[in-house]
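Predicted model, so just to flag it, every value in this text is computed and none were measured. All ligand and atom numbering here is 1-based and tracks the order in the structure.
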Amino acid sequence: MTATIISGKQVSEEIRGNIAIEVKELAAKGVVPGLAVVLVGEDPASQVYVRNKEKACHDLGYYSEVHRLPAETKQADLLALVDKLNCQDSIDGILVQLPLPGHIEEKAVINAIAVDKDVDGFHPVNVGNLVIGDDSLLPCTPAGVIELIKRAGISLSGKHAVVIGRSNIVGKPVSLLLQRENATVTMCHSRTANMAEIARQADVLVVAIGRANFIDASYVKPGAVVIDVGMNRLENGKLAGDVDFESVKEVSGPITPVPGGVGPMTITMLMQNTLIAAKRHHGLV
Ligand code: GUN
């Protein structure tokens, strides 16, 4: 039997439709959400991501600024720009595209972003608030994963969720968000013994390991929900997930494709975070 496909593209359009309505309501109050994106250097993938973010802002009627800086930009100059954006009233959210060139310390830059404008949810204060369950700006991809599961009508309460991957950007925060939804969470990573055996116990399997087509049907319990966060560029130029979609869909329950699964949700959640930051900035929540 072939599984139901969870379309991130469709869910994304639904959420953007709701955001557009809120943007109109804010406009009537004289508020326009503003996002600043900073790109240092010429990494081709980053250039595409930044263009997509700029387009999403334009489509939703946000104010947007993109600062493209040369690869040899000094850390002090980047920090000065972040500081200026922290103080700029028209800007509600700041995103510094990662990775940064090697001579710049990412941690110093992330820590310099005002907590209330940290729409990536990477600042240690936002991460800490996520850990203790307080209100915070949530990292976009993990928030997108949860939203996708919920909007597909899947309940997480009491389910066994297995997360494969322990990165700060996806694995760790997504496991915290799954716990917040009352799932029982197991984390696996590159040193996990018997990974397939553990993965086969999952009702919900979230995969974020960055290895193309790594998860085959032997990792999946029949009927399990499979969420693929992988985005791997193959030698032939095609995009592949971490899950071998063709074999896994024969045994799994609802499954996300790549492309068109988690990917579109990331920018949508960035737009959502910027809207939340704008409402807070103007005392509207
Ligand atoms: N590079 C790849 N993913 C991301 C992300 O979510 N945020 C930022 N700032 N850079 C990235």
Side-chain angles (χ1 to χ4, degrees), residues 8 12 34-57 62 64-69 71 73 75 78-79 81-82 85-86 91-102 104-127 130 136-148 165-174 176-177 206-212 227-233 239-242 258-259 261-274 276-277:
S12 221
L35 176 67
V37 176
V38 181
L39 173 61
V40 185
E42 268 136 41
D43 177 71
S46 292
Q47 285 179 333
V48 174
Y49 295 146
V50 167
R51 261 202 309 276
N52 289 342
K53 286 162 188 169
E54 199 176 11
K55 181 175 182 306
C57 282
Y62 286 20
S64 94
E65 283 184 7
V66 178
H67 297 263
R68 292 183 170 84
L69 308 178
T73 299
Q75 178 166 317
L78 178 57
L79 291 175
L81 171 61
V82 168
L85 295 168
N86 282 341
I91 294 299
D92 301 295
I94 301 168
L95 182 142
V96 178
Q97 188 67 31
L98 303 176
L100 289 166
I104 297 177
E105 201 194 340
E106 276 181 11
K107 209 184 257 191
V109 177
I110 290 169
N111 290 3
I113 297 171
V115 171
D116 296 340
K117 296 192 179 187
D118 169 38
V119 283
D120 254 332
F122 291 168
H123 191 287
V125 169
N126 279 320
V127 176
L130 169 60
S136 63
L137 288 165
L138 300 176
C140 301
T141 302
V145 167
I146 301 296
E147 201 61 37
L148 205 47
R166 57 176 161 181
S167 69
N168 288 335
I169 293 188
V170 183
K172 284 181 202 167
V174 90
L176 290 163
L177 290 173
V206 179
V207 190
I209 40 171
R211 296 174 69 172
I227 308 293
D228 186 355
V229 188
M231 282 246 258
N232 308 287
R233 188 66 65 180
L239 205 58
D242 292 345
V258 176
V262 173
M265 293 297 288
T266 298
I267 292 188
T268 298
M269 298 321 282
L270 173 67
M271 296 296 111
Q272 176 110 295
N273 273 351
T274 305
I276 292 168

Q. What protein heavy atom sits nearest atom 7 (N) of ligand 1, and how far away is it?
A. Asp120 OD1, 3.0 Å
Q) Any salt bridge between Glu54 and Arg68, counting N to O under 4.0 Å? A) yes
Q.
Testing Asn126, Val119, Asp120 one by one against Phe122 for a side chain to side chain contact (heavy atoms under 4.5 Å, CB included), which residue passes?
A. Asp120
Q: Would you check the N or O atoms of Gln97, main chain and side chain alike, for any that come under 3.5 Å of an N or O of ligand 1?
A: yes
(Q) Any heavy atom of Thr141 closer to ligand 1 than 4.0 angstrom? (A) no
Q. Polar-atom distance check: Leu98 versus ligand 1, any N or O pair below 3.5 Å?
A. yes
Q. Under 6.0 Å from the CD atom of Glu106, do we count more than 12 heavy atoms belonging to anything else shown?
A. yes
Q | Val109 vs Leu100, side chain to side chain contact (heavy atoms under 4.5 Å, CB included): CA-CA, chis, key distance, verdict | A | CA-CA 9 Å; Val109 177; Leu100 289 166; 3.9 Å; yes
Q) Is the side chain of Asp242 donor-acceptor paired with the backbone N or O of Arg211 at a distance under 3.5 Å, no angle test? A) yes
Q) Quick check: does Val96 get an N/O under 3.5 Å from an N/O on ligand 1? A) yes
Q.
At less than 4.0 angstrom from any non-hydrogen atom of Leu95, what atoms of ligand 1 do you find?
A. 9 (N)
